[in-house]
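Beneath this line is the structure, given in structure tokens, with notes to follow.
Numbering of ligands and ligand atoms starts at 1, following listing order.
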Amino acid sequence: MTNQVRRRTFLLGGATAGLAAAGLTTPTAAAVRASGSATMAAGPFQVVALLDATGPFFLPAEEAFSGATSRDWTGARRVDPDAFGPDGTWNLDFRCFAIRLPAGGFALVDAGVGPAESPASAWAPVPGHLLERLTETGIDRADVRLVVLTHLHEDHFGWSVSPDGVPYFPNARYVVQRTEIRALEQAGDDVVLPYVVDPLRRTGQLDTVDGDVCLARGRGGAVSTIPTPGHTPGHQSVVVRGHGRRVVITGDVLVHAVQLVDPDVGYAFEADQDVARGTRRSLLEDAERGRTWLATAHLRTPFVRADAYPRHR
Ligand SMILES: [Zn+2]
């Protein structure tokens, strides 16, 4: 953890604001599609799903998840029927989440596919609509205090920094695992680092963190990052907990419902499929033990109960 994040944790902690309503919204996929957002409460925190984009993947589902059995696909179809397009197409959402913080302001988890000229334009449905979604939800970009990037893939950092290098969230610190940046540096990356990391370093807004970090506290709850490597080396997820409920914003620990019904199913674009499998299995097993909702980036419904679907193995 850096000093900046420690200071920020202090500033966001010790909430004096009244608790948000503890009611739980269980949005239907249709309702989410209609509004572009859905909200769930975990104690003093509210987690708002923000749909940036939707579109078909460039590979058929059976190529992206070549280890899945017909039984896996049957289970996945039951969980997330809208992900199945014609001729084996995988239809996926590109989703971000805002967390309303009881001390004021918001944390944003992931930043979608970005504008038309963003690096994700090579394969993802750009432009995304995150900025409109924020406006519709009543979130001013100036009130975003933290942007947590689960990992540095194009479809997750798109609205971090504009194509000319200006951060979209002027008052936010951008939280990325140090391992994620180090892996890109070691690989000699010349796309992601200059596009998103260097501009954030220049403005002093980059916060590199190591492992578990508490980002905010409220009465009866907290928001933390946890390392969830495999999809990328420094992948992290965000745990929002309060009043006995947990919402885990998974990033790409699972990208399709087929990995929810069978955590051993690998995804073609995981950096290390064995590590990713282990991470997915332990996250899901842990989630089943508590009252946990998974807040996913790419399923066609933003919130799914971790224990609602029987595992095969
Ligand atoms: Zn992704």
Would you give me the side-chain donor-acceptor pairs under 3.5 Å for residues 196-205, sequence neighbours excluded?
unit_1	atom_1	unit_2	atom_2	d
T203	OG1	P199	O	3.4
T203	OG1	L200	O	3.3
T203	OG1	Q205	OE1	2.9
Q205	NE2	F169	O	2.9
Q205	NE2	P170	O	3.4
Q205	NE2	A172	O	2.8

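- Listed by chain and residue number, the protein N/O/S atoms under 2.8 Å of the Zn ion (ligand 1) are D155 OD2, H156 NE2, D252 OD2, H298 NE2, with waters left out.
- Contact record, F269 with L59: CE1-CD1, 3.8 Å, taken as the closest heavy-atom pair.
- The ring-ring contact (aromatic ring centres under 6.0 Å, His included) check on F97 picks up F303, with sequence neighbours excluded.
- At least one donor-acceptor pair under 3.5 Å links the side chain of H256 to the backbone N or O of V258.
- Tested against L260, the residues T296, L254, V253 include a single side-chain contact (heavy atoms from CB on, under 4.5 Å) partner, L254.
- Legend: residues meeting ring-ring contact (aromatic ring centres under 6.0 Å, His included) with H129, ordered by chain and number and at least two apart, are absent.
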